[in-house]
Number of protein chains: 2
Amino acid sequence: MDTRTPAPESSPWLPFESRRRARDEKREAVLRTAVQLFLEQGYHRATLNEVADRLNITKPALYNYFRSKEDILFECWVMGQERVEDRITEIESADGNGLATLRMLVRAYAAIMASDFGASLVRFNVADLSEPNQKITLAGKRRIDRAFRNAIKQGIADHSIKSCDVKLTAFAILGALNWVGHWYKPGGELSPDQIADDFAIRLTADIAKQLDKKPSEKKAAKPVRKRPSR
Amino acid sequence: MDTRTPAPESSPWLPFESRRRARDEKREAVLRTAVQLFLEQGYHRATLNEVADRLNITKPALYNYFRSKEDILFECWVMGQERVEDRITEIESADGNGLATLRMLVRAYAAIMASDFGASLVRFNVADLSEPNQKITLAGKRRIDRAFRNAIKQGIADHSIKSCDVKLTAFAILGALNWVGHWYKPGGELSPDQIADDFAIRLTADIAKQLDKKPSEKKAAKPVRKRPSR
DNA sequence: TACATATATTACCCAAGGGTAATAAAAAGT
DNA sequence: ACTTTTTATTACCCTTGGGTAATATATGTA
């Protein structure tokens, strides 16, 4: 009977906590459903009724968790951005020369782009967000851009990367990466990790000073990591 | 009096022709205005009333030239696609090894991406088009993809390009190029031609066999062409 | 002048869908 | 068991904006 509620009288917080957790889980379930629908049909064609339907609830129930449709859109973006920023922070705090850092960034970012929340970073239209939220997304983009540029700059400084135009180099790399969010479909020939590993070499091959084996002709080069994505 | 109508009785076709020309010009003016608005605000936020306002006409007048809003969207896409395909045909019929062809493709495609109709190719949501039109755009994308892959294949065959994974190489290059359509804003530091020339070298540097001067550190490398874009 | 053809306007329709009010059902707390 | 709080439902409102019908106005034609 009390097997699943451990010492209920001793900790009145546990129920509260578990309740908050359940709430957060539902909130996230909404976001997962919404982001999929938004990616499939586009933000405007996707209706809140359909989001609710997929969750086996009704539209007004969504308003227990979000203030508006735009709020849902924004929170989807936040989910993706948080993942990216977490990885950036992690990578920047690790040691390694500029080239190594850049390659870790490429690998991490590519893998995220092959996920729904990651793709939402580049497939959603900024104009669909409120003014303040647009500012936030802009700051987020700058944060990502800065991380890549810093790695390149560092690489030039520590001679692991050839001298190059930092801005355009970052644009080219981020462009190729962002585009993953547009073409990657789960279930294709390449896994996110394969793409990530391949791109880490491919997109840095021209600016890397030490020359390493280029991606092999048929398949991705480096051993595939196991972490499942998406 | 008859100064502007040259020999009206001898050629009853001229008035008709000039009338058709005027109509086509108006049609194109609608598209130019629409594509700008769609890019600024997104397809769904942009209203036909606003398109019409900018042209100093009223909404129903638009229906003299287009069947629906979706039709306008599609025709914008067609404008961009035609420009790309024209250049591709031109480049493919020229001679030169695979690398040279690839670089011409990159240069041409980058410049187009920095134009409104070009950007519409990658900024519009395919889901906003009708089923048949979606098929057409898909075929168009394949055509572009094929051109790039063929150039790479040819380059590998004629030894101007290193052996590499053709598909992923094309993805990376086209990704960086398509992204131009997202970040390029006229009036920035770099002109479309500067970007085009720089990317032609930059995006092919790692797979080119003969080594050439990499893009210089500060600015775009090759001499800037004069043709005004956008 | 009369006629025909485009081309434009005004005034309207109406479906879609985001959002809310009132209320019921379920869960938690006491 | 009784109360309170959360969470969900039904029923509805109402703006927005694509699209159309009826009609006027040029523009060219006979």
Side-chain angles (χ1 to χ4, degrees), chain A residues 1-2 4-30 34 37-38 41-74 127-130, chain B residues 1-2 4-30 34 37-38 41-74 127-130:
Chain A
M1 207 196 222
D2 55 12
R4 60 184 61 238
T5 50
E9 72 289 347
S10 72
S11 172
W13 293 36
L14 260 192
F16 173 80
E17 263 298 304
S18 75
R19 195 149 147 173
R20 196 184 58 71
R21 258 242 316 283
R23 185 184 168 80
D24 285 354
E25 273 161 23
K26 286 186 197 163
R27 221 184 110 96
E28 223 181 286
V30 172
L37 247 168
F38 292 169
Q41 316 187 352
Y43 174 64
H44 285 96
R45 304 192 82 81
T47 70
L48 290 187
N49 273 319
E50 202 170 343
V51 173
D53 274 354
R54 289 203 185 179
L55 292 160
N56 297 314
I57 55 175
T58 56
K59 181 175 62 175
L62 296 173
Y63 285 82
N64 275 315
Y65 305 98
F66 300 94
R67 275 191 300 279
S68 64
K69 192 185 184 188
E70 189 260 332
D71 190 23
I72 295 178
L73 181 73
F74 178 66
D128 289 329
L129 295 170
S130 68
Chain B
M1 206 188 221
D2 55 11
R4 60 184 62 237
T5 51
E9 71 290 348
S10 71
S11 171
W13 292 35
L14 260 192
F16 174 81
E17 262 300 303
S18 75
R19 197 146 146 174
R20 196 183 58 71
R21 258 242 317 282
R23 184 182 168 83
D24 286 354
E25 273 160 23
K26 285 185 198 163
R27 222 184 109 95
E28 226 183 281
V30 172
L37 244 169
F38 293 169
Q41 316 187 350
Y43 174 65
H44 285 95
R45 303 192 82 82
T47 71
L48 290 187
N49 272 320
E50 202 171 342
V51 173
D53 273 356
R54 289 204 185 179
L55 292 160
N56 296 315
I57 55 176
T58 56
K59 181 176 61 174
L62 296 174
Y63 285 81
N64 275 315
Y65 304 98
F66 301 94
R67 275 191 300 279
S68 64
K69 192 186 185 187
E70 190 261 331
D71 190 23
I72 295 178
L73 181 72
F74 178 66
D128 289 328
L129 295 171
S130 69

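These figures come from a predicted structure and were not determined experimentally. Note on naming: letters A, B, ... go to the chains in the order of the sequence lines (proteins, then strands), and numbering restarts at 1 for each one.
- Here dG18(C) presents its P atom at 9 Å from NE2 of H44(A), a figure rounded to the nearest Å.
- When rounded to the nearest whole Å, the span between CG of D53(A) and P of dA8(D) equals 15 Å.
- Here A52(B) lies out of heavy-atom contact (under 4.0 Å) with every strand.
- Using cut-offs of 30° and 60° for the angle between ring planes, the H44(B) and H44(A) rings count as parallel.
- Straight-line distance from the CG atom of N49(B) to the C1' atom of dG17(D): 7 Å, rounded to whole Å.
- The one candidate from I72(A), I57(A), L37(A) that meets the side chain to side chain contact (heavy atoms under 4.5 Å, CB included) condition with V51(A) is L37(A).
- Atom NZ of K69(A) is separated from atom OH of Y63(A) by 9.0 Å, given to the nearest 0.5 angstrom.
- Whole-Å rounding puts the I72(B) CD1 to dG17(D) C1' distance at 13 Å.
- Atom C1' of nucleotide dG18(C) and atom CZ of F66(A) are separated by 16 Å, given to the nearest angstrom.
- As a whole-Å value, the separation of L73(A) CG from dG17(C) P is 17 Å.
- K26(B) and Y65(B) make their closest contact through CD-OH, 3.3 Å (heavy atoms, listed as atom of the first residue, atom of the second, distance).
- Sequence order on DNA chain C of the closest nucleotides to R45(A) and R67(A) puts R45(A) first from the 5' end.
- If you measure from atom CD of E70(B) to atom P of dG19(D), you get 9 Å, rounded to the nearest angstrom.
- Contact annotation: R23(B) reaches the phosphate of dT7(C) (side-chain N/O to OP1 or OP2, under 4.0 Å).
- Formation of a donor-acceptor pair under 3.5 Å by the K59(A) side chain with backbone atoms of T47(A) is not found in this model.
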Under 3.5 Å, N/O pairs linking protein and nucleotides 8-12 of chain C:
| residue | atom | partner | partner atom | Å |
| --- | --- | --- | --- | --- |
| dA8(C) | OP2 | Y65(B) | OH | 2.8 |
| dA8(C) | N7 | N64(B) | ND2 | 3.2 |
| dT9(C) | OP2 | T58(B) | N | 2.7 |
| dT9(C) | OP2 | T58(B) | OG1 | 2.4 |
| dT9(C) | O5' | T58(B) | OG1 | 3.4 |

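- Contact detail for Q41(B) and A127(A): the closest heavy-atom pair is O-CB, 3.6 Å.
- The separation between L48(B) atom CG and dT16(D) atom P is 16 Å, rounded to whole Å.
- Helical stems of DNA chain C (runs of at least 3 Watson-Crick or G-U pairs, donor-acceptor distances under 3.5 Å) are listed by first residue: C:1-30 with D:1-30.
- In terms of heavy-atom proximity, N64(A) sits nearest to R23(A) at O-NH2, 2.6 Å.
- Every ring pair (Phe, Tyr, Trp, His ring centres under 6.0 Å) that F74(A) has, sequence neighbours left out, goes to W77(A).
- Expressed to the nearest 0.5 Å, how far CG of D128(B) lies from CD of E70(B) amounts to 8.5 Å.
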